[in-house]
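Report on one structure; see the data block that follows.
Here is the naming used below: chain letters follow the sequence lines, and residue numbers restart at 1 for every chain. On a predicted model such as this, the values are computed, not experimentally measured, just so you know. FYI, side chains are in, hydrogens and waters are out, and symmetry mates aren't considered; it's all heavy atoms of this structure.
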2 protein chains.
Amino acid sequence: MDKRIVRIKDIAEKADVSAGTVDRVLHNRGRVAEDVKERILTIIKEMKYEPNYSARALGSNKAYTIGALIPDYTYDPYWFDPKNGIDKAEKDLKQYGITVNQYQFIPDNRESFIEKAEEVTELRPDGIVLAPIFYKETLPFLEKWKKLKIPFVTFNTQIEDVKSLSYIGQDSYQSGFLAAKLFHYGHPESCSVLLAHIDEDISNSAHLLKKEQGFRSYFEQNNLIDQYTIRRVELQRRDYLAFMKQLDNIVEDNPDLKCIYVTTSKGYEIAAYLEQRNIEGIKVIGYDLVPKNIYYINQGIISFVINQHPRGQGYRSVHQLSDHLVFKKKVPPIKYLPLDIITKENLSYYLNEV
Amino acid sequence: MDKRIVRIKDIAEKADVSAGTVDRVLHNRGRVAEDVKERILTIIKEMKYEPNYSARALGSNKAYTIGALIPDYTYDPYWFDPKNGIDKAEKDLKQYGITVNQYQFIPDNRESFIEKAEEVTELRPDGIVLAPIFYKETLPFLEKWKKLKIPFVTFNTQIEDVKSLSYIGQDSYQSGFLAAKLFHYGHPESCSVLLAHIDEDISNSAHLLKKEQGFRSYFEQNNLIDQYTIRRVELQRRDYLAFMKQLDNIVEDNPDLKCIYVTTSKGYEIAAYLEQRNIEGIKVIGYDLVPKNIYYINQGIISFVINQHPRGQGYRSVHQLSDHLVFKKKVPPIKYLPLDIITKENLSYYLNEV
DNA sequence: TTGTAAGCGTTATCAA
DNA sequence: TTGATAACGCTTACAA
C-alpha cells in the first residue's frame, strides 16, 4: 500500500551499478556499455521510475533562457494579456531555472519585427516563443532557428509551412463558423450581415481569411445563403473620415443590416461608430476582451465576443517550451484553445483568467 | 542584470545568524529572540526572498494525505470529470508528497454520503476536498472538521454557513441569469419558456433555487415579464410514465412554448422526450457536457449548455489545498470559474480541457 | 566504461 | 535561543 518512491539509487542497486551510470543512460549521455544499458533500461521500466523534477531542477543548477518575440501592447492593447501570461509563466518557472527575455516589436511595423527577431537570434536562447503576425517576414527566421537547433513555439497565428515545436492558439476557421452561428441564432429571419476586416493587411494575414471562410461556410452548410445577405468590407481606421463614410454608405445601402461581424479585436471601432450615429438596430460580433470591447459589451452594442484566451496563449507557450526543455516531456504539436463565447452576462469571469 | 537568486543562507549571512534561525522565523516556529526576528523579517522583505519550492519539497520529506469525498460517477456521469481532475492533480503533485484518498458515495443516497464522510474523518487526513451535494448532511461534518483543524475545500456546491478554506465552482445565480439571456437573444418575440428542475430534491439544493432566481431576475431587470411567460416544473425521471405525462400536459397547455431551461445536467432527458415525440419547435438550454447532452447538442435539440468546468473544479480544489498545505500560500476563499457557453460549433474544444 | 563525492536550497535533529 | 550538520533525489566533475 504505502508505495515507496523509486529513486535512481534504487535502480542502481538493483542493476548493480552506480547512480552515475543510471543517470547516463537516463539522459543518453553515452559512455556506458551496451549490455549494461539494456539491463538498466529494463529495470527502469520494471520499477516504473519517474524522475523527481524538483530534485532534478535543484541538482542540475542549469539556467535556461527563453526569448519571447511579441508585439508591444502599448501600440495594441490586445497584446497585453499574452505578455501577462508570459510573465506569469516566467514567475512559475523561475525556480526551474527559466528566464524569459522579451523582445517587443511594433505591431504594424515589419522593420521593427525583423529588427527584434534578429536580436532574439543574436541572444542564442535555449528556445523561442513568438506571435508570428507577419507571415512573410517570419518564415526566414523560422528556417534559421531550425538550422541553429533552437526550438520555437508559435502562438496566436498559425504558420503551417515550417514545423514548430508547438502551436498554441485557436482554430480561426471554426471561430468564423461559430460567429455565424451566433449571428444566426439571434436572427432567425432574413436580413443582411456585414463581415468587416479592420486594420490589417489581409494579404499577409491568413487567419483573417480563414475566419471569413468559416463564416461563409456556416451559411452554405446550413442552406442559408438564400435567406441572408453577406456583405464584406476592408476598413482602415487611420483615415477617420473615410472610415465613417464607408460605413455610412453600407448602412444606407443595406436597410436590413442587423449585424456586423468584425474579424479582428477592433469591434469597438464599429461600436463607437454605431453609438455616435445613434443606430440601435445593428449589433456587433467580434473578438477579444480588450477594454474598449468590454465597454461596448456592457453597453449592449457588442452582443458577443469570441475570446482567444490571450493570457493562456502566452502562459502555455512558455510552459510548452519548458516542458520540452527542462522536463523533457513530449509536447503536442497543436493545442487549440477553446472558443469562448463572451457576452455581458458572463463577461466578468473571464477577466484575469489564465 | 543577472539577478542571483536569494537564498536563506544569504539572509542568514546578512542578519548575522544561522540558516536555522531564519528558517524558524520563516515558519513561525518560535524559539527566536524578538529583536532578531524583527531584523530577519525586514531583511527578508528587503531582499525580496522567495522560497524555492523544489528545495522545500525535497528538504522536508513530508507526506500529505488529502481525502476526497465525491459522488460515484458510475451512478451519475457528471461526476466523471471532477474525479478526473482530482486524479490529474494528484499526479502533478505527487512529487511534492501529496497523496489523495478518494471516497465515493452514491449520488442520491444520504446514508452513503454519511458513511463515506465518516470514513474520511476516520482517516484524519491533512485536508479534505468535497462536493457537498447534501446540504443538511454536510453541515455537521464541516463543524467536526473545523474542530479537528482539518482544512477543507468545497467545490461544485456552495455552502455559505460554514467557512471553508476555499470554494471552487460557479455562481449559480449568475448562471441562471445567463441562461435567460441566451433564451432571450434567440427569441426576440413573445413566447413562453419552461424552467425545469429534474431529479433533485429542491429543498436540499440551494443552488438550484439560485439558478431559478437568476433566471427570473433577468426578465425583471430587463422589463420582459410582460413579454414572456415562465412556467416552472419539478420532474422526477424515475417514474417514466408520469414524467412523459407531465411534459405532454405542459406542451399541450402552452402552444407558444419555445424553450425549456433545465437547471441540472439532465437536459438530455427533456431532449429525449422531444425527440421521441417528434417536437421540433422547442429547444433546450441546460448544463454540462455529459455524453448524452453532447449527443443532443450535436442533434441540435439542445441549443446551449452552460459548462461548470467539472474537471477544473476537481483539479483546482486539490491544488488549492496543497497551495495551503505544502506551499503555504494564501488561497482565495472563493474562486468562481467561468460560465462557459457551449454550442454545437465550439463543443469539441471543451472536451478534455482542465 | 564506471564510480565517487560534492553540491543545489531547504528542513529537521540535536547539541550547545 | 541558537548553530551545525545530515538528509532529500539528482546532476556533474573528476578520478579510477
Side-chain angles (χ1 to χ4, degrees), chain A residues 3-41 43-44 47-64 93-99 325-328, chain B residues 3-41 43-44 47-64 93-98 325-329:
Chain A
K3 311 159 81 174
R4 290 254 333 114
I5 194 177
V6 182
R7 291 124 69 227
I8 286 189
K9 211 177 160 185
D10 300 320
I11 296 172
E13 270 171 25
K14 194 146 190 176
D16 223 17
V17 293
S18 78
T21 308
V22 176
D23 185 70
R24 259 168 264 137
V25 324
L26 233 25
H27 294 284
N28 269 315
R29 298 195 223 277
R31 300 187 311 160
V32 37
E34 196 54 39
D35 57 322
V36 181
K37 181 173 172 182
E38 289 308 321
R39 179 152 43 99
I40 292 178
L41 242 21
I43 294 182
I44 286 175
M47 303 185 73
K48 292 186 184 149
Y49 169 75
E50 295 264 9
N52 180 327
Y53 292 113
S54 298
R56 183 174 285 180
L58 208 56
S60 86
N61 209 14
K62 203 181 262 173
Y64 296 90
L93 295 166
K94 206 176 62 185
Q95 54 184 297
Y96 292 108
I98 301 264
T99 314
L325 249 31
V326 352
F327 304 117
K328 266 82 183 171
Chain B
K3 311 161 81 174
R4 291 256 332 117
I5 195 175
V6 181
R7 289 124 70 224
I8 287 189
K9 211 176 162 186
D10 300 320
I11 295 171
E13 268 169 27
K14 193 148 193 175
D16 222 16
V17 293
S18 79
T21 309
V22 176
D23 185 70
R24 259 168 264 136
V25 174
L26 236 25
H27 294 287
N28 268 315
R29 298 196 223 275
R31 302 187 309 162
V32 37
E34 196 54 39
D35 57 324
V36 181
K37 181 174 172 180
E38 288 309 321
R39 182 151 42 98
I40 293 178
L41 243 20
I43 294 181
I44 286 176
M47 304 184 72
K48 293 188 184 146
Y49 169 76
E50 296 264 8
N52 180 326
Y53 293 115
S54 298
R56 182 173 286 181
L58 207 57
S60 87
N61 206 14
K62 206 181 258 172
Y64 297 90
L93 295 166
K94 205 177 62 185
Q95 54 183 296
Y96 293 109
I98 301 263
L325 249 31
V326 352
F327 303 117
K328 266 82 183 169
K329 293 182 186 167

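Applying the salt bridge (Lys or Arg N to Asp or Glu O under 4.0 Å) test between B:Asp23 and each of B:Arg56, B:Arg7, B:Lys9, B:Arg29 identifies B:Arg29 as the sole match.
The nucleotide whose nearest atom lies closest to any side-chain atom of B:Leu58 is, among C:dT10, C:dG9, C:dG3, C:dG9.
As a whole-Å value, the separation of A:Asp16 CG from C:dT1 P is 19 Å. Residue B:Glu13 contributes atom CD, which lies 12 Å from atom P of C:dG9 at whole-angstrom precision. Atom CZ in B:Arg56 sits about 19 Å away from atom P in C:dC8, given to the nearest Å. Straight-line distance from the CG atom of B:Asp10 to the P atom of C:dG9: 8 Å, rounded to whole Å. When the P atom of C:dG3 is taken as reference, atom CZ of A:Arg29 falls 16 Å away, rounded to whole Å.
In this structure, the ring of A:Tyr96 has its center less than 6.0 angstrom from the ring center of A:Phe327.
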* **Steps toward side chain to side chain contact (heavy atoms under 4.5 Å, CB included) verdict (A:Leu58, B:Asn52)** => CA-CA 9 Å; A:Leu58 208 56; B:Asn52 180 326; 4.0 Å; yes
* Show your reasoning for whether side chain to side chain contact (heavy atoms under 4.5 Å, CB included) applies to A:Tyr49 and A:Val22. => CA-CA 11 Å; A:Tyr49 169 75; A:Val22 176; over 6 Å; no
* Would B:Ile11 and B:Leu26 count as a side chain to side chain contact (heavy atoms under 4.5 Å, CB included) if you check the C-alpha gap in whole Å, the side-chain angles of each, and the deciding distance to 0.1 Å? -> CA-CA 11 Å; B:Ile11 295 171; B:Leu26 236 25; 5.9 Å; no
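Here OH of A:Tyr53 is found 10.0 Å from NZ of B:Lys94. Values are rounded to the nearest 0.5 Å. Separation of atoms CD1 (A:Ile5) and CG (A:Asp10) is listed at 9.0 Å; rounding is to 0.5 Å. Once rounded to the nearest 0.5 Å, the distance linking NZ of B:Lys14 with CD1 of B:Ile44 reads 12.5 Å.
Under 4.0 angstrom from either OP1 or OP2 of C:dG3 there lies at least one side-chain N or O belonging to A:Thr21.
A:Arg31 comes within 4.0 angstrom of a nucleotide base, judged by non-hydrogen atoms across all strands. Across all strands shown, A:Asp23 has heavy atoms under 4.0 Å from base atoms, whether or not it also approaches the sugar-phosphate.
The main-chain N or O of B:Arg24 is never found under 3.5 Å from a side-chain atom of B:Arg31 such that the two would form a donor-acceptor pair.
Residues B:Val32 and B:Asn61 both approach DNA chain D. Their nearest nucleotides, taken by heavy-atom distance, put B:Val32 toward the 5′ side. Between B:Tyr53 and A:Glu34, the residue anchored nearer the 5' end of DNA chain C, judged by the nucleotide with its closest heavy atom, is A:Glu34.
Close approach of DNA chain D to chain B, defined as any atom under 4.0 Å from a non-hydrogen atom of the protein, starts and stops at D:dT1 to D:dG9.
Rounded to 10 degrees, the angle separating the terminal axes of the helix from C:dT1-D:dA16 to C:dA16-D:dT1 is 40°, with each axis obtained from five end pairs.
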